[in-house]
Amino acid sequence: MKITIKESPKYEGQEVTIGCWLLQKRGSGKLQFLQLRDGSGFMQGVVVKANDEDLFAVAKGLNQETSMYVTGTIKSDDRSSFGYEMEVSNIEIIQAAEGYPITPKEHGPEFLLDNRHLWLRSRKQHAVMNIRNQIIKSTHDFFFDNGFKKIDSPILTNSSPEGTTELFHTKYFDEDAFLSQSGQLYAEAAAMAHGKVFTMGPTFRAEKSKTRRHLIEFWMIEPEMAFYEHDDSLEVQEQYVEYVVQNVLEHCKLDLEALGRDTSVLEKIKAPFPRITYTEAIDLLHEKGFDDIEWGDDFGAPHETEIANHYDKPVFIVNYPKAIKSFYMEENPEDPRTVLCADLIAPEGYGEIIGGSERIHDYDTLKQRIEASGLDADAYEWYLDLRKYGSVPHSGFGLGLERTVAWLSGVQHVRETSPFPRLLNRLYP
Ligand code: 4AD
Ligand code: MG
């Protein structure tokens with residue numbers, strides 16, 4: 001019977017075969033302990049010399065990442081967190097690997113990134129991708145269960161929703177085109193057709209940023225909701241984030257353990273989340289001795305971290321100055337210098353994971369903002385049409401998948417949260 005490691009608890013006491021790779025091994029003169037991995041999980045295989053000397057010799061000669069079919073009996077094992085191991089009775093080598101470059105010793109990040117195609121196999125990298133996968137699944141579950149439809153926005157576009165300096169230019173036959181910075185504008189059109197929608201896709205920022213929070217290519221989840229004012233959107237955001245965090249805690253226990261993640265801090269992530277205004281945040285920073293920032297400046301990573309450290313949950317910073325936010329954001333009627341927007345700042349220094357706002361729904365105001373931002377109004381004619389034919393108040397937001405993975409996994413750098421990260425100066429592998 002051929003099974004996967006994940007299925008092995010159902011086969012306790014039975015002899016089964018598992019297609020797997022050798023992660024590591026250790027042993028004595030009498031026993032070999034094989035750390036096996038098959039993609040679905042990790043399990044120890046035990047080879048006893050006294051039972052079969054030939055098999056013991058084969059096990060002793062196995063190199064890291066050798067692929068094989070291992071046959072044996074599944075036993076419960078209280079010492080491992082997985083809870084099961086295999087008493088091995090046969091090993092059929094498929095391909096004997098030699099000189100696998102990623103050994104159990106420490107390697108530098110550049111070496112590991114050069115070998116990303118292999119590094120993905122490591123225990124911790126496997127755990128991070130499992131957490132990413134769970135976030136993707138929980139995202140679909142949350143939005144589908146709450147009446148949202150998934151709308152796929154294009155990657156080749158003619159618009160620049162988040163500012164022209166970070167655009168990736170390309171040719172679309174004879175026309176100029178850009179790689180999508182955000183699916184938002186298309187999600188807005190879809191919301192006028194379907195009410196509540198979300199997009200999930202790759203987005204591109206030609207930013208020259210080399211920080212632990214920036215990727216050139218990252219995935220964004222962008223819900224958009226017709227008839228939602230900004231406060232309604234904040235409620236969706238905190239419920240969505242709570243749902244994702246609690247699902248990761250429930251379904252990724254072994255992964256969080258492999259990463260050494262402190263889960264007690266994640267257990268506290270329950271809605272509602274605190275809200276402070278941009279102006280209050282500036283005052284708080286001044287009280288804390290940050291003299292380098294004035295009202296009107298955007299926050300840098302140290303500012304966001306300082307603000308987040310006052311809370312044990314993500315915090316919404318609302319109503320940023322109009323001048324530092326995107327052209328489509330609705331003015332705050334209580335303070336026209338600011339807009340109806342929020343950034344959600346994750347705890348523990350992981351920074352902004354969501355940016356969102358209420359969108360301008362008046363035709364003239366939006367047209368004027370497009371022109372004032374130096375954008376080509378002709379390219380936005382279709383976007384302006386949404387304000388011409390049955391315009392309604394609407395709001396939405398974008399959650400950065402990789403920053404969320406980094407936060408929940410507890411890894412320090414977003415380069416470990418994308419299967420094949422695109423970084424400044426890195427397009428390989
Ligand atoms: O704040 P941003 O730029 O917002 C938008 O793109 C809006 N159109 C979203 C919307 O309202 N529909 O990006 C949203 C999120 C950020 O909070 C961050 O989590 C992530 O996307 N993000 C990045 N993640 C990794 N690398 C980068 N260079 C990122 N830039 C933004
Ligand atoms: Mg932002």
Side-chain angles (χ1 to χ4, degrees), residues 132 135 139 143 148 151 153 157 159-168 178-191 196-225 228 230 233-234 236-237 240-241 244 278 298-301 303-304 308 314-318 320-321 324-330 339-346 350-360 383 394-408 411 413-418 421-424 426:
R132 180 182 169 110
I135 297 172
T139 294
F143 288 111
F148 286 71
I151 293 285
S153 56
T157 70
S159 58
S160 71
E162 301 301 326
T164 48
T165 52
E166 300 171 356
L167 283 175
F168 258 109
F178 316 116
L179 298 186
S180 177
Q181 281 182 315
S182 156
Q184 178 195 321
L185 307 192
Y186 299 97
E188 287 184 56
K196 294 198 285 184
V197 300
F198 73 107
T199 71
M200 180 169 162
T203 47
F204 304 86
R205 305 272 167 105
E207 281 181 273
K208 295 276 191 277
S209 313
K210 207 176 173 184
T211 80
R212 65 190 190 90
R213 297 171 178 180
H214 286 89
L215 290 165
I216 304 300
E217 178 178 316
F218 65 98
W219 281 62
M220 203 172 5
I221 292 129
E222 294 186 275
E224 194 69 33
M225 300 145 299
Y228 272 54
H230 193 238
S233 170
L234 293 184
V236 176
Q237 293 174 44
Y240 166 47
V241 171
V244 164
Y278 168 89
D298 208 352
F299 298 128
H303 305 121
E304 287 180 352
V315 52
F316 287 113
I317 305 178
V318 303
Y320 282 71
I324 55 170
K325 287 292 179 189
S326 303
F327 71 89
Y328 50 71
M329 294 188 183
E330 186 78 83
V339 282
L340 296 178
C341 74
D343 282 358
L344 184 66
I345 313 297
Y350 285 94
E352 177 200 328
I353 51 167
I354 293 184
S357 64
E358 185 165 331
R359 324 305 192 185
I360 296 172
Y383 185 62
H394 61 287
S395 301
F397 61 93
L399 172 128
L401 178 61
E402 288 78 7
R403 288 195 194 169
T404 307
V405 177
W407 169 41
L408 300 189
V411 301
H413 199 297
V414 285
R415 66 186 168 217
E416 291 185 44
T417 65
S418 167
R422 297 296 171 237
L423 302 159
L424 209 59
R426 177 171 292 280

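First listed ligand is number 1; within each ligand, the first listed atom is number 1.
Under 4.0 angstrom from ligand 1, the non-hydrogen atoms of Glu162 all belong to its side chain. Only the side chain of Met220 comes within 4.0 Å of ligand 1, counting heavy atoms alone; its backbone N, CA, C and O stay farther away. When heavy-atom distances to ligand 1 are checked against a 4.0 Å cut-off, Arg403 comes that close only through its side chain, counted from C-beta outward. Of all the heavy atoms of Lys325, none lies under 4.0 Å from any atom of ligand 1, so neither backbone nor side chain is involved. With a 4.0 Å heavy-atom cut-off, ligand 1 is reached by no atom of Ile216. If you look at Tyr328 next to ligand 1, the close heavy atoms, those under 4.0 Å, all belong to the side chain.
For His303, the ring pair (Phe, Tyr, Trp, His ring centres under 6.0 Å) partners at least two apart in sequence or on another chain are Phe290.
Ring pair Tyr320/Tyr278 is tilted by interplanar angle, where 30° to 60° counts as tilted. Using a 30° and 60° split on the angle between ring planes, Phe204 and Phe168 fall in the perpendicular class, above 60°.
Numbered from 1 in the order shown, with element, the atoms of ligand 1 that lie under 4.0 Å from a heavy atom of Gly400 read 15 (C), 19 (O), 20 (C), 21 (O).
Protein heavy atom at the shortest distance from atom 31 (C) of ligand 1 is Phe218 CZ, 3.4 Å.
Sorting the N, O or S atoms of Glu352 by how far they are from the Mg ion (ligand 2) puts OE2 first.
The side-chain tip of Arg212 points at the ring of Tyr350 from less than 6.0 angstrom away and within 45° of straight on.
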